[in-house]
Each structure stands twice: as C-alpha cells, then as structure tokens.
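What follows is a short report on a single structure.
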Number of protein chains: 2
Amino acid sequence: MKRVAARKPSAAAARERLASWIASRGLKATRQRDLIVDTFFTQTGHLSVDELLDKVTARDSSIGAATVYRTMKILTDAGLASARHFEGGQTRYEAALDRHHHDHLICTSCGRIFEFENERIEELQARVAEQHGFRVTHHKLELYGLCKACQERQQ
Amino acid sequence: MKRVAARKPSAAAARERLASWIASRGLKATRQRDLIVDTFFTQTGHLSVDELLDKVTARDSSIGAATVYRTMKILTDAGLASARHFEGGQTRYEAALDRHHHDHLICTSCGRIFEFENERIEELQARVAEQHGFRVTHHKLELYGLCKACQERQQ
DNA sequence: TTTCATTTTGAAATTGATTCTCAATCTCGA
DNA sequence: TCGAGATTGAGAATCAATTTCAAAATGAAA
C-alpha cells in the first residue's frame, strides 16, 4: 500500500469541484492552474496574491502574477475561495469549501487574523436590516486591534 | 441685527476646532483649506474625494485634487471627519464632530448609505474580543444589499 | 511693512494593487 | 492529428492615493 502525504480533505475535494466547474463552462485545465490551486489549498489562513505568488513561483518560477490573479478569481466564482478586503489594500483569499460563515479579528500589529462565529450578532444584523426594509446579500464584520500576544509583547 | 444664513451648527464648530488644531501644530491657515472644509461641512452624507472635488472646483476651479486629499487627511487626523472604506475602491468621508459611533447599510444598486446604531451588537462584539484576549481599537460592520426602494423598483 | 523661514500649493510623476492587451502557446473534442 | 478557442506571461494600462518639486503664500519677528 502506498503512503500518501497528509493533506487537508478539502484540498482534493476542491480540486475535483473545480475540475467539474471548469469543464461545465468550456474552460480548460492547465498545468499552471493546477499548481496554483494545489498551492492555495495546501496553505492555511488568509493569503494575499503576493504571498501566494511567492509560494507558487517557488515551485515554478515561470508562472506570472496575472495568472495567479486570474485563477483566484475563478476559484472565487466557483465558490471555492472567498475574497476578503481587510484594511491594508490587498485582497486576501481563504478557502471556502464546506465552511460556515464567520467574521474576523485582525491584529493591527502582527497582522494575524482570527475567526469567530456569533449567531446572536447575525440575528441582530438581520433584524436591523429588516427594520430598514433592506434585503442583505452579504456583510462584513471586522474587529481591529491588538491580539493577546502583541499586548503582552508591548508590556 | 444681521441675518445669517442657516448652517449646520457643527460646521462652524468644526472650523473653529480645525483652526486651533492647525495652530497647535505650526500648520498654516489657507484659503484653499478653508474653502474645502467649508464645502465638506456644508454637505451631508458620505462623500468621496472625487465628489467633494467637484463641489470644491465649482467654487474655485484652481484647487487641485492633491489639496483635497491632503485636507481630508488633516480633518481626519483632527478627529473632525472619518474615513470609511466601503466596497468599491474609493474612500468616503463623513463629518465626525459630536457624532455617535454607528454602522452602515449600503445599497449595492443605488449606492445610498444608511446608518444605524445597535448597542446590543456592540456589546456582543466586545464580548467576542474579550474571549479572544483582543484589545479592539476600531471595527467595521457593514451590511450590503438592496434598499427598500431598489427592491420595489426591480419588481 | 518688510523679511524670510517654513508651510502649502498645483501639476505631474509615482506608487501599489489589480486588470487588460496581445501575440505565442496550450488544450481537447472531432 | 487538427484547429477552434482558451490560456499564458510580460508589459502596458488603470485607478485611487501619495509624493515630488518649484513656485507661491503664510505669519512671526524685526
């Protein structure tokens, strides 16, 4: 029996889902796309295109930035990644397959990003929207500040 | 007795506050700054620099965009305006003097922006931060969707 | 009010993230 | 194997915002 490197279950699933999504719209599978997608799903956290590009070019230095941008857009359209626009200018992507909705805590010192879910806040948001006759499609809740470690470091 | 044009109470107060803020740091009062600040506080809502520049150049066509950018940065540093980064790329500014903290509902169809306050949500956010040992400096809560009017228009 | 160090200004150049363009190169079904 | 159509990488273009720089304005002191 062959030993296989451990890998997030979602990585394989994501590649499969992407393959059918690509096929279903007349797009084509390419070596570059595979490598980018594989690299993305092998990482954790919230990656900027720049950070992802670094990891990608480490494996194949001929891959250009434009292709990474294009691929992340496809992953997003396919619902396999989601784009986050935190403060700081760059878009960051996180894996979205089989993930619950969640919001973020962002440390403005070290840049680390923490996730949280809070059903009560969601309910209250829905109520606010309702009071205004709004039909909400998406929302953004981000808490910025100092994480525990950075507070202690600053003592 | 002289009749004076009606004006938001905050406008005059803001100009005054800005004057002392400017004086306190060795900056200088200028005609351009006055005009930009006056224009800004005479408007309501969430203005982009572009929109503000339009109003400003209508009164003095020689004023450049860089000066508007610079002036809004000063107003922000002085705590008299606050910068908001909604989806769509441009920064929008709103008057901040004597204003309570509030969050936003943004209509993705007509672009209108509505404000709301919700003390319960704030409390829950504080609790989430506490659970993570986070010291929050600021946060962002934005609900995107269709406003009432746009929903009806689409029927 | 003149002087003059300092700040401010407008225009144009620059930045940084992202998107677009285009010719060359792939992909995949017939 | 072919060939229509998709994809690629490099560099140009875009867009908001910032920076640069020489000329002009400000305001405190003389």
Side-chain angles (χ1 to χ4, degrees), chain A residues 15 18-40 46-54 56-78 81-93 111, chain B residues 15 18-40 46-54 56-78 81-93 111:
Chain A
R15 276 192 298 273
L18 181 64
S20 64
W21 199 86
I22 278 185
S24 75
R25 353 218 126 195
L27 305 181
K28 288 171 180 175
T30 69
R31 178 179 56 78
Q32 291 92 331
R33 236 113 91 159
D34 288 347
L35 197 154
I36 293 167
V37 170
D38 188 77
T39 304
F40 176 69
H46 302 72
L47 286 176
S48 68
V49 169
D50 235 37
E51 289 163 355
L52 180 55
L53 179 62
D54 277 351
V56 164
T57 48
R59 297 174 65 180
D60 179 343
S61 63
S62 74
I63 292 182
T67 303
V68 177
Y69 276 104
R70 290 188 277 234
T71 302
M72 291 318 295
K73 193 165 291 296
I74 291 175
L75 276 181
T76 302
D77 291 346
S82 49
R84 302 284 185 175
H85 306 277
F86 300 123
E87 290 181 358
Q90 321 148 80
T91 301
R92 289 181 174 278
Y93 291 91
Chain B
R15 275 193 296 273
L18 181 65
S20 65
W21 200 85
I22 278 185
S24 75
R25 352 218 128 198
L27 305 182
K28 290 172 178 174
T30 69
R31 180 178 55 78
Q32 291 90 333
R33 236 114 89 159
D34 288 348
L35 198 155
I36 293 166
V37 171
D38 188 77
T39 304
F40 175 68
H46 303 73
L47 285 176
S48 68
V49 169
D50 237 36
E51 289 163 355
L52 180 55
L53 179 62
D54 277 351
V56 164
T57 49
R59 296 175 64 180
D60 179 343
S61 63
S62 74
I63 293 181
T67 302
V68 177
Y69 276 104
R70 289 188 277 234
T71 302
M72 292 317 295
K73 194 166 291 294
I74 292 176
L75 277 181
T76 303
D77 291 346
S82 48
R84 302 284 184 174
H85 306 276
F86 300 123
E87 290 182 359
Q90 321 148 79
T91 301
R92 289 182 173 277
Y93 291 90

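Throughout, a chain's letter reflects where its sequence line sits, starting with A, and its residues are numbered from 1.
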Compare side-chain N and O positions of A:T30 against OP1 and OP2 of D:dT8 and report whether any pair is under 4.0 Å apart. yes
So, is A:R33 near the phosphate of D:dT8, with a side-chain N or O under 4.0 Å from OP1 or OP2? yes
Heavy-atom closest pair (B:T57 atom, B:D54 atom, distance to 0.1 Å) is OG1-O, 3.2 Å
Point-to-point distance, once rounded to the nearest 0.5 Å, from CZ of A:R84 to CG of A:L47: 14.0 Å
Quick check for you: to the nearest 0.5 Å, what is the distance between A:I36 atom CD1 and A:R70 atom CZ? 9.5 Å
Quick one: [X] [atom1] to [N] [atom2], roughly how many Å, whole number?
X: B:L27; N: C:dT8; atom1: CG; atom2: C1'; value: 10 Å
X: A:I63; N: C:dT25; atom1: CD1; atom2: P; value: 17 Å
X: B:I74; N: C:dT9; atom1: CD1; atom2: C1'; value: 12 Å
X: A:W21; N: D:dA6; atom1: CH2; atom2: C1'; value: 14 Å

Which part of the nucleic acid does B:S62 contact within heavy-atom distance under 4.0 Å: base, sugar-phosphate only, or nothing? sugar-phosphate
Going by atom types alone, do A:S62 and A:D60 pair a side-chain donor with an acceptor below 3.5 Å? yes
Between A:R59 and A:T39, is any side-chain donor less than 3.5 angstrom from a side-chain acceptor? yes
Among C:dT6, C:dT9, D:dT8, find the nucleotide with the atom closest to the side chain of B:K28. C:dT6
Which letters describe nucleotides 11-24 of chain D, given B = protein heavy atom under 4.0 Å from base, S = only from sugar-phosphate, - = neither? -----SBBBB----
